[in-house]
Protein chains: 4
Amino acid sequence: MSSTSVPSRRRRVGGARRAEVLDVVVDVLSERGYEHTRFTDVAKVAGVAVSTLQFYFGSRDDMLVEALHHSTEREVARLEQAGNQEPTPWPRLVALVDGGLAPLPIGTWRMLMEFWHAAVHDPELRAHSVSLQERYRRPFAEAIRDGVEQGEFHVADDVEDVVTALVALLDGLVIPRVLDHEYFDADRLRVVVLRQLRALLGVADP
Amino acid sequence: MSSTSVPSRRRRVGGARRAEVLDVVVDVLSERGYEHTRFTDVAKVAGVAVSTLQFYFGSRDDMLVEALHHSTEREVARLEQAGNQEPTPWPRLVALVDGGLAPLPIGTWRMLMEFWHAAVHDPELRAHSVSLQERYRRPFAEAIRDGVEQGEFHVADDVEDVVTALVALLDGLVIPRVLDHEYFDADRLRVVVLRQLRALLGVADP
Amino acid sequence: MSSTSVPSRRRRVGGARRAEVLDVVVDVLSERGYEHTRFTDVAKVAGVAVSTLQFYFGSRDDMLVEALHHSTEREVARLEQAGNQEPTPWPRLVALVDGGLAPLPIGTWRMLMEFWHAAVHDPELRAHSVSLQERYRRPFAEAIRDGVEQGEFHVADDVEDVVTALVALLDGLVIPRVLDHEYFDADRLRVVVLRQLRALLGVADP
Amino acid sequence: MSSTSVPSRRRRVGGARRAEVLDVVVDVLSERGYEHTRFTDVAKVAGVAVSTLQFYFGSRDDMLVEALHHSTEREVARLEQAGNQEPTPWPRLVALVDGGLAPLPIGTWRMLMEFWHAAVHDPELRAHSVSLQERYRRPFAEAIRDGVEQGEFHVADDVEDVVTALVALLDGLVIPRVLDHEYFDADRLRVVVLRQLRALLGVADP
DNA sequence: TATGAATGAGCCTTCATTCAT
DNA sequence: GATGAATGAAGGCTCATTCAT
């Protein structure tokens, strides 16, 4: 649905390079973290002057927030995409789980964490996190509801709560991954998560 | 178990107030976040001079890291404590889950998030996160292993992976809680989590 | 009399809008003050691009100085005009005083103050202030000299000093007016100033 | 009266040097003007670090405003002082006029102009200018009222208006003085001003 | 003629840190 | 043990200016 990105306040300045530079911002941000991303850092990597960044984005905060929006937007879109490939409920759910466990560049997951953290301390980002989470949950919820309606799934609890738990599980797995904890193994976890999910949905083991 | 706190070389100066002030640091830190906690902020709340803080803790980073250690230490201890109250595996697991879902002051959970985030960008903290996570996982792992040995639980996957998933689920639930997302409801989630857990462990529904 | 305005080397580029824009510069300048008038401010009000202003006027200083010249020029012309309407000395003086106390838009008076202030710190403007002041004083001096020659006025001091005092009085009244001090009342002041003037010139009260 | 200077908001920091430095600020300010007085300029002259100035005064604006207050305060006090030396009305008025025409360091007069100019664009300073002007006018008004009561002066207009005119005259003379206009001669002007004043007050020529 | 893109210089401000008391 | 004075380093921001179109 409406992937029509950010209705940002500025964004009527800058030439073609602006878009490229924004991607650089995302990279640097995921690398250094919100609070440690200086104009200088981005400027150096992007090969533009600091004042050019300000010309493009306004303030440092505006720049970082736009990068945060941009990248989270992209992730949600990626997930929605993943879900749309499969027509039937269970394979669709599996695809969604795989989307949440995919071996993407580590920066992707760090960015997520940056977003959560930044949102804790910034009301505007927190508000965005609400709408973002809604969109993030929707594909899961729809797949489960479809499965229930088609008699394929049998859920004892409220679907929303199941989604909350499922998403929390995927989000929670981001943490050991980003912190590079040894015990984390995406492939083995995938098995566990899916087994757990089958149990919750009353789907027979394969 | 060795609660050998703070393995650091940090000094041990300052009078009795030092301990009180450290608690203030924790509060301010959970409130403002690592990067936004200035000496001034703490000084104001604690009612001491900035130079006093430096006298107590050394540098700003030393102060914050000590606060991070202090509070995470406390949380792990709390969990170990919770597990020790119950003698049999399943009630012990339930107690541990309840420990992870407890309606503690929101600052407790924010602190956890601060820790994760800070650890991403600080090697020393990352190292600490490894040992901390080990201790955090242990009570869960032990309870499950006990249950398996006693024939009470039947686990299809590696126990460590089950623990990873379980802890990830609890950690992942910290996020909507801290971000104050509406759909989050600890009580209902508790039911879902426990049902999920029973399914994984082959424990009959109550 | 030579109204040889703007003795500057400043360029003469730009279309018909240039003149209109110059008036905008005057307005903005009187509103915001010399030091706080940015290209951006003028551009916004004039509805043109910043680079257009630079195209018209050159540098920021050039623009502002030209505006200062333009507006002071206009004021002096207004005064000369006022003096020329009346043929006999005393009515002419009265007209000049009225010109100095006229209820013009407040911007007019603020501009005067801007000019004084700017001239203090800019040698070129200071030089201009000298020639400007000369022309400003002249109508007063001529009227008084005429009155003396015609035996209508009797002056004990040097006429130039009388003019200095008279102009200082009018200029000094600009200050409470611009600062919007309550005690300032142009009508009542007019009576006082004229009485004072009659006393100095030995003119009988009406 | 109540020369109990500024009830400033900060001012509880800084050692003994603070007072000395404040005088430096006044000097630099009168020399360079409000808008062109940088921290750097003051720091260089005062021989302290920029951050020391900020430690003393807070922001650049706070520093300059305090300097403005400080110096205008001093001037008003000087005038009140001058008036208090003479017991009888006319000599007292003469002393006040002399105070307004005194050959003080040019910085004193430039400062006055800075103050007027700054007050035009800063509401807080404008408010201060009101109270300051009140105190500035008072000695003049009291001397005149005393003279009237003692039958020494005979005033046709409202005393306040006479004061307005007199102060305006003195203020207006600051302009050519600061702009260093050639025709300005304090001694000769003094004669004119006093003659004018005598005429207004019905005092016989000496 | 008129303008948007891009940039560099200059300055304020924040903040941790050092030092003397 | 505890604190105030003083400072240097670093970064964000404003703004005029240059350049290509």
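As the structure is a computational prediction, the values presented were derived from the model and not from experiment.
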Point to revise | Partners passing salt bridge (Lys or Arg N to Asp or Glu O under 4.0 Å) against D:R17 (at least two apart in sequence or in another chain) | key: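 Per chain and number, D:R17 pairs via salt bridge (Lys or Arg N to Asp or Glu O under 4.0 Å) with no residue.
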Exercise for review: Kindly write out the residues that satisfy salt bridge (Lys or Arg N to Asp or Glu O under 4.0 Å) with B:E75, not counting sequence neighbours, or none if the list is empty.
Suggested key: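 B:R78.
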Pair up each side-chain donor or acceptor in residues 22-29 of chain C with any protein partner under 3.5 Å, not counting sequence neighbours, and list the distances.
{"unit_1": "C:D23", "atom_1": "OD1", "unit_2": "C:H70", "atom_2": "NE2", "d": "3.3"}
{"unit_1": "C:D23", "atom_1": "OD1", "unit_2": "C:R74", "atom_2": "NH1", "d": "3.4"}

Check your understanding: Which residues satisfy the ring pair (Phe, Tyr, Trp, His ring centres under 6.0 Å) test with A:H121, sequence neighbours excluded?
Key ->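 Once residues adjacent in sequence are excluded, the partners of A:H121 under the ring pair (Phe, Tyr, Trp, His ring centres under 6.0 Å) criterion are A:H117.
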Exercise for review: Please identify each residue that fulfils ring pair (Phe, Tyr, Trp, His ring centres under 6.0 Å) with B:F115, with sequence neighbours left out.
Suggested key: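 B:F115 satisfies ring pair (Phe, Tyr, Trp, His ring centres under 6.0 Å) with B:H128 only.
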Practice item. Apply side chain to side chain contact (heavy atoms under 4.5 Å, CB included) to C:V120 and D:M113, showing your working. Key: CA-CA 9 Å; C:V120 174; D:M113 198 138 172; 4.1 Å; yes
Check your understanding: Pick the nucleotide of DNA chain F nearest each of B:G47 and D:G47; which residue has the one closer to the 5' end?
Key ->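 By nearest-heavy-atom nucleotide position, the 5'-most residue is B:G47.
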Rounded to whole angstroms, how far apart are [atom1] on [X] and [atom2] on [N]?
| X | N | atom1 | atom2 | answer |
| --- | --- | --- | --- | --- |
| A:F57 | E:dA6 | CZ | C1' | 14 Å |
| B:L53 | F:dT3 | CG | P | 9 Å |
| D:H36 | F:dT14 | NE2 | P | 19 Å |
| D:E35 | E:dG10 | CD | C1' | 16 Å |
| A:R17 | E:dA6 | CZ | C1' | 10 Å |
| D:Y56 | F:dG4 | OH | P | 15 Å |
| C:F55 | E:dG4 | CZ | P | 14 Å |
| A:D62 | F:dT14 | CG | C1' | 15 Å |

Point to revise | Protein-to-nucleotide contact annotation, 5' to 3' order, nucleotides 13-21 of chain E [B base; S sugar-phosphate only; - none; under 4.0 Å, heavy atom] | key: BBSSBB---
Review point. Which dot-bracket string describes DNA chain F (Watson-Crick N1-N3 plus N6-O4 or O6-N4, or G-U N1-O2 and O6-N3, all under 3.5 Å; [ ] crossing; | other strand)?
Key: .||||||||||||||||||||
Review point. So, does B:T72 use its side chain to make a donor-acceptor pair with the main chain of B:L68 at under 3.5 Å?
Key: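 It does hold such a pair.
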Point to revise | side chain to side chain donor-acceptor pair (under 3.5 Å) involving D:E35 - partner list, sequence neighbours excluded | key: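 Partners of D:E35 by the side chain to side chain donor-acceptor pair (under 3.5 Å) criterion, ordered by chain and then number, come out as C:H36.
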**Study point:** Test side chain to side chain donor-acceptor pair (under 3.5 Å) applied to B:R32 - qualifying residues, sequence neighbours left out
**Key:**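 Result, side chain to side chain donor-acceptor pair (under 3.5 Å) vs B:R32: B:D41.
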Check your understanding: If each of C:V48 and D:D41 is mapped to the nucleotide of DNA chain E with the nearest heavy atom, which maps nearer the 5' terminus, i.e. the 5' end?
Key ->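 It is C:V48, whose closest nucleotide lies nearer the 5' terminus.
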